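The chains referred to below are lettered A, B, ... by the order of the sequence lines, with proteins before strands, and numbering in each begins at 1. This one's a predicted model, so the numbers in the text were calculated from it and none came from an experiment.
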Number of protein chains: 2
Amino acid sequence: MNKVTIDDIAKVAGVSKSTVSRVLHGKVAVHPDKKNAVLTATRRLGFKPNIVAQSLASGRSMTIGVLTQNMGSPFYDAIAQGVIAGLASSNYSPIFADGQWQIPKELSALQSLVGRRVDGLVLIGGGISSQQIDDTCDGLPIVIVARTFAESHYRCISMDNIAGGYAATRHLLDRGHRKIAIVRGLPTHADAIERYQGYVRALEELGMVPDPRLVVESDFSPESGITAVNELVKRGERFSAIFAANDLTAFGARLALDQHRLRVPDDVSLIGFDDQLESAYITPPLTTYRQPAREMGQYAADAILKLLQGEEFSSLQVHGELVIRHSVRDLSTASV
Amino acid sequence: MNKVTIDDIAKVAGVSKSTVSRVLHGKVAVHPDKKNAVLTATRRLGFKPNIVAQSLASGRSMTIGVLTQNMGSPFYDAIAQGVIAGLASSNYSPIFADGQWQIPKELSALQSLVGRRVDGLVLIGGGISSQQIDDTCDGLPIVIVARTFAESHYRCISMDNIAGGYAATRHLLDRGHRKIAIVRGLPTHADAIERYQGYVRALEELGMVPDPRLVVESDFSPESGITAVNELVKRGERFSAIFAANDLTAFGARLALDQHRLRVPDDVSLIGFDDQLESAYITPPLTTYRQPAREMGQYAADAILKLLQGEEFSSLQVHGELVIRHSVRDLSTASV
DNA sequence: TTGTAAGCGTTATCAC
DNA sequence: GTGATAACGCTTACAA
């Protein structure tokens with residue numbers, strides 16, 4: 001362990017520990033000689049300040065806690081990377097905790113972060129209630145990414161998932177698809193619900209009514225995409241396109257279609273959501289609705305930094321965009 | 001902020017703060033009445049212990065720092081998830097920091113973790129020297145995953161990348177491939193180097209000598225896989241198979257092959273390394289050498305927990321395995 | 001079983 | 001400019 005304290009270096013440098021603290025922070029003027037003595041001693045003894053003691057004494061820890069919905073999920077990871085990037089130029093460093101898609105774990109991870117006296121919080125996705133958030137982090141500056149709260153005072157960086165769901169569905173509709181199956185995603189997850197709403201809206205706009213037999217649920221994993229397609233096929237549903245809750249689900253769906261000898265996009269078109277890294281590399285390259293995940297993370301970092309400086313910052317909505325690749329077939333000009 | 005301290009609850013409960021501390025820890029016997037009083041007060045005032053103060057006073061923080069080579073990389077993320085899982089049943093909670101593939105960032109992230117007085121460290125991959133590690137974490141229990149050090153005292157959880165590279169290459173050889181290109185990975189990265197050594201060994205075993213024109217470098221990203229294939233094709237090299245440094249690179253290679261109208265596996269076979277989640281879902285499903293990433297993370301968690309309890313633990317090597325899917329064509333029984 | 005008091009390593013508030 | 005000294009919130013001997 002690093003047993004060197006400022007007392008030690010104060011002794012060696014022949015000054016008081018206040019002075020040591022001063023030169024270490026560089027804010028206040030200190031006589032050059034003493035300053036040098038301190039610096040030398042610091043180096044010689046290999047002194048490393050104890051952040052724990054610092055933050056207990058100062059009340060600030062110069063860290064911001066990042067709680068992610070799930071580390072390992074491409075979308076959330078990309079946001080986290082954005083946060084890291086956005087914080088890089090500041091004096092704050094991020095520490096991460098993982099909610100693992102489970103509210104209890106999310107809560108305890110959040111408590112752990114708060115207990116560590118982080119100066120601010122970035123919550124990426126997640127499912128705990130605003131009540132729970134308030135209870136555990138009263139007063140702390142907090143920014144929420146990839147999630148919105150109906151009536152809350154939180155600053156949120158979010159994307160309009162309804163618009164995204166609408167755009168994806170609309171794309172299919174515009175290409176002549178009418179039997180559009182949807183793999184909705186986690187039925188309790190706001191993102192899934194909103195994307196579905198967009199889907200419904202797009203259909204209704206054309207006077208169509210959503211066919212309940214064509215909607216099936218998933219949990220955002222590839223496996224659930226397989227299950228979904230299997231179910232659809234087993235039930236003998238007819239569909240020319242599938243809108244998957246996210247790209248991972250689309251990957252699974254794509255494989256399952258293959259196993260049923262359904263070609264993409266020749267027999268069935270497929271559209272995803274997120275535009276994760278791998279989506280450009282599957283075969284065929286996946287058409288999907290892109291969420292600017294990294295940017296969202298950076299905005300969140302900017303926001304928390306602003307808040308920490310006492311500046312204001314209000315919620316912000318980023319824009320997604322359709323990324324057209326090759327998994328959707330145009331039926332409207334069909335020939336084959 | 002949570003301004004309630006044990007002093008407050010001591011006052012309310014009519015006991016001393018030592019007693020409060022005692023009931024909160026539950027190790028020492030305390031009179032039931034006082035215990036109740038304390039518990040009640042705790043609940044009523046909404047007391048949350050200040051972990052910072054706790055760890056300053058006790059010298060332990062009950063957290064273990066996890067430094068990852070890069071969060072967002074499927075392989076490293078899977079390890080991190082294993083660590084989380086392995087720690088879940090203990091009283092320790094993990095906090096994460098990200099090296100972002102860059103040694104300076106890795107170092108400062110490590111310092112931040114150590115400064116936070118974590119009780120132990122799990123290093124996932126990474127490139128800092130053992131010297132640097134020793135300097136920054138002297139004395140701390142530390143476990144290293146997915147990396148080994150030649151002559152060090154560290155406990156490492158690793159996989160034999162030479163064996164992996166050998167197995168992958170051998171698989172190709174056994175299927176009749178002779179012109180095997182390799183996309184090596186980061187030239188400075190131990191994993192890449194070792195896999196290449198395995199590749200060389202497999203070739204030499206058959207009396208072949210590695211053709212330098214067939215080896216090209218990458219940085220483990222899909223983009224670099226594209227670049228690699230483009231280069232190979234542009235140079236007009238002849239090859240019937242590609243061994244990619246990792247799955248991500250294989251994804252890029254697969255796309256590039258497609259763009260050059262080279263079918264996988266009909267025209268060119270492709271083998272990856274890692275077996276990341278998505279690999280089963282690309283077309284064709286990728287044959288790859290699987291690293292048991294999650295397990296490695298769990299072993300690491302077990303190891304650090306053991307070390308923390310004063311038990312011993314020695315380095316351990318896990319076994320990878322070839323996962324045969326559909327991206328490699330068997331030339332030996334060739335007809336087509 | 002319980003209370004007193006001395007730390008833990010810094011920062012912050014004063015006087016000088 | 002600089003040095004005592006009191007916090008910061010909690011743990012932990014040491015007594016009682």
Side-chain angles (χ1 to χ4, degrees), chain A residues 1-39 41-42 45-63 91 111-112 114-119 139, chain B residues 1-39 41-42 45-63 91 111-112 114-119 139:
Chain A
M1 232 64 17
N2 178 34
K3 295 273 80 189
V4 191
T5 75
I6 57 170
D7 284 291
D8 298 323
I9 92 146
K11 212 153 295 172
V12 173
V15 298
S16 73
K17 54 186 206 170
S18 336
T19 300
V20 175
S21 176
R22 286 182 189 111
V23 338
L24 259 28
H25 285 77
K27 300 311 267 178
V28 195
V30 171
H31 190 92
D33 289 356
K34 308 210 171 196
K35 183 169 176 174
N36 266 324
V38 168
L39 259 22
T42 296
L45 302 190
F47 169 76
K48 301 271 172 28
N50 181 328
I51 307 188
V52 172
Q54 278 182 171
S55 73
L56 178 59
S58 68
R60 281 165 298 106
S61 60
M62 298 312 286
T63 71
N91 291 318
Q111 283 163 345
S112 152
V114 173
R116 304 212 98 65
R117 293 301 187 263
V118 295
D119 296 331
Chain B
M1 231 61 20
N2 178 33
K3 296 272 77 186
V4 190
T5 75
I6 58 169
D7 285 291
D8 298 322
I9 91 147
K11 211 152 298 169
V12 173
V15 299
S16 74
K17 53 186 209 170
S18 355
T19 300
V20 175
S21 175
R22 286 180 190 115
V23 339
L24 259 29
H25 285 77
K27 301 311 270 179
V28 195
V30 171
H31 189 91
D33 289 355
K34 308 211 171 198
K35 182 169 177 176
N36 267 322
V38 168
L39 258 23
T42 296
L45 302 190
F47 169 76
K48 300 273 172 29
N50 182 327
I51 307 188
V52 171
Q54 277 183 170
S55 74
L56 179 59
S58 69
R60 281 165 297 108
S61 61
M62 298 313 284
T63 71
N91 290 317
Q111 284 163 344
S112 152
V114 174
R116 303 213 101 62
R117 292 303 187 265
V118 294
D119 297 330

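You'll find that the side chain of H31(B) is closest to dT2(C), out of dT2(C), dC10(D), dG3(C). Checked against dT2(D), dC10(D), dT11(C), the side chain of K34(A) finds its nearest nucleotide in dT2(D). Nearest nucleotide to the side chain of L56(A), out of dC8(D), dT10(C), dT1(C): dC8(D). The side chain of S18(B) sits closest to dA5(C) out of dA5(C), dT10(C), dC10(D). Distance from the side chain of R60(A) is smallest to dA12(C) among dT2(D), dA12(C), dG9(C). Of the candidates dG3(C), dT11(D), dT10(C), dT10(C) carries the atom nearest the K17(A) side chain, counting heavy atoms from C-beta on. For S16(B), whose side chain is taken as the heavy atoms from C-beta onward, the closest listed nucleotide among dG3(C), dT11(D), dT2(C) is dG3(C). Nearest to the side-chain atoms of A57(B) among the listed nucleotides dT12(D), dC8(C), dG3(C) stands dC8(C).
Per the geometry, CD1 belonging to I6(B) stands 13 Å off P belonging to dC8(D), to the nearest Å. For the pair K48(A) NZ and dC8(C) P, the interatomic distance rounds to 21 Å; values are reported in whole Å. Rounding to whole angstrom units, CG of residue D7(B) and P of dA7(D) are separated by 12 Å. Counting to the nearest Å, the C1' atom of dT11(D) and the CE atom of M62(B) are 14 Å from each other. Rounding to whole angstrom units, CG of residue N36(A) and P of dG1(D) are separated by 16 Å. Taking atom CG of N50(B) as the reference point, atom P of dT11(D) lies 10 Å away to the nearest angstrom. dT11(C) atom P lies 11 Å from atom CD1 of I51(A), rounded to whole Å. A straight line from NE2 of H25(B) to C1' of dT2(C) spans 17 Å, rounded to a whole angstrom.
Contacts of V20(B) with the nucleic acid, taken as non-hydrogen atoms under 4.0 Å apart, are absent.
Side-chain contact check for F47(B) versus L24(B): some heavy-atom pair is nearer than 4.5 Å. When side chains are defined from C-beta on, R116(A) counts as touching S61(B), because their heavy atoms get closer than 4.5 Å.
A donor-acceptor contact under 3.5 Å is formed by the side chain of R22(A) with the base of dG3(D). S21(A) contributes no side-chain N or O that forms a donor-acceptor pair with the base of dA12(C) under 3.5 Å.
Annotation for A13(B) and A41(B): closest pair CB-CB, 4.3 Å, computed over non-hydrogen atoms. Closest approach of K34(B) to V15(B), counting heavy atoms only: CD-CG1, 3.8 Å. Annotation for M62(A) and D119(A): closest pair N-OD2, 2.5 Å, computed over non-hydrogen atoms. A pairwise comparison of heavy atoms in I6(B) and K17(B) identifies CD1-CB, 3.7 Å as the closest pair.
Residues S21(B) and S18(B) bring no donor and acceptor atom of their side chains to less than 3.5 Å of each other.
Distances shorter than 4.0 Å separate some side-chain N or O of T19(A) from OP1 or OP2 on dG3(D).
Overall, the helix from dT1(C)-dA16(D) to dC16(C)-dG1(D) carries an axis bend of 40° between its ends, with five pairs at each end and the value rounded to 10°.
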Show your working on side chain to side chain contact (heavy atoms under 4.5 Å, CB included) between L39(B) and V23(B) and close with a plain yes or no. CA-CA 8 Å; L39(B) 258 23; V23(B) 339; 3.7 Å; yes
